[in-house]
Amino acid sequence: MIYLQIFWAFFIANILGYGGGPPGIPLVQNEVVNHYHWLTNQEFGEILAVANALPSPISTKLAGYIGYEVAGVPGAIVGLIATVAPTAVAMILLLGFMNVFQKAPQVKAMTQSVRSIVAVMLGILAYQFIQGSIEQIGWVHTLILAAAAFFLLENRKIHPAVVIAGAMVYGVVLLH
């Protein structure tokens, strides 16, 4: 039963996550945190931070890690298959129609409307992570980390993996 739940959680998140990547993150979070209760919001945030620092698509990293945590190696395999299956099936079925509908105004309008929905979903996810951070480490440390991350990413153009690693070091050295 657990393998079916893992498959369904990642399949649903990836079939509904239009465009893959960031749009799928809140959907995965909803399934593994709110629906199945496999992780807490904090645990999901930590996994997401580490996964973002590693190369390859975020969806497969989340599916592999969470599937492994829930049901070992078979769970990781099921999670990865569920993550890749929607895209593979869609590519096979829709490849012939791609050029026909590519410039249709309806498709362009749909893409534009989905972008705003994704932005709101990512904003809600960020808000939840900020709330969790404030509960865990307090306002001061949360503001220090947020300001430092913004400065390093925007002004110094430091790679996000380095910023995440620095935040992890900050947490280990100063907070524990």
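Remember, it's a predicted structure, so these values are computed and weren't measured experimentally.
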Checking side-chain contact (heavy atoms from CB on, under 4.5 Å) against Phe10, which of Val84, Leu80, Thr83 comes through?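 When side-chain contact (heavy atoms from CB on, under 4.5 Å) is applied between Phe10 and each of Val84, Leu80, Thr83, only Thr83 qualifies.
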Non-hydrogen atoms of [X] and [Y] that approach each other most closely:
| X | Y | answer |
| --- | --- | --- |
| Ile15 | Pro86 | CD1-CB, 3.7 Å |
| Ser113 | Ser116 | O-OG, 2.9 Å |
| Trp38 | Ile66 | CE3-CG2, 4.3 Å |
| His159 | Leu153 | C-CD2, 4.5 Å |
| Ala53 | Ala161 | O-CB, 3.8 Å |
| Ser133 | Thr142 | OG-OG1, 2.9 Å |

Would you say [Y] ends up clustered with [X] if hydrophobic residues are merged whenever their side chains have heavy atoms under 4.5 Å apart, either directly or through other cluster members?
| X | Y | value |
| --- | --- | --- |
| Leu145 | Val140 | yes |
| Val78 | Leu39 | yes |
| Ile144 | Val173 | yes |
| Leu152 | Val162 | yes |
| Leu16 | Met121 | yes |

Any chance you could measure [X], atom [atom1], to [Y], atom [atom2], to the nearest 0.5 Å?
| X | Y | atom1 | atom2 | result |
| --- | --- | --- | --- | --- |
| Tyr36 | Ile2 | OH | CD1 | 8.5 Å |
| Ile12 | His35 | CD1 | NE2 | 10.0 Å |
| Ile6 | Glu69 | CD1 | CD | 11.0 Å |
| Leu125 | Ile130 | CG | CD1 | 10.0 Å |
| Phe11 | Ile81 | CZ | CD1 | 12.5 Å |
| Glu31 | Phe44 | CD | CZ | 11.0 Å |

Mind checking whether [X] and [Y] have side chains closer than 4.5 Å, heavy atoms only?
| X | Y | result |
| --- | --- | --- |
| Thr87 | Asn14 | no |
| Ile58 | Leu48 | yes |
| Ile47 | Leu62 | yes |

Flag for Glu135-Gln131: side-chain donor and acceptor within less than 3.5 Å: no
Please check if the number of heavy atoms outside Tyr65 that lie under 6.0 Å from its OH is greater than 12. no
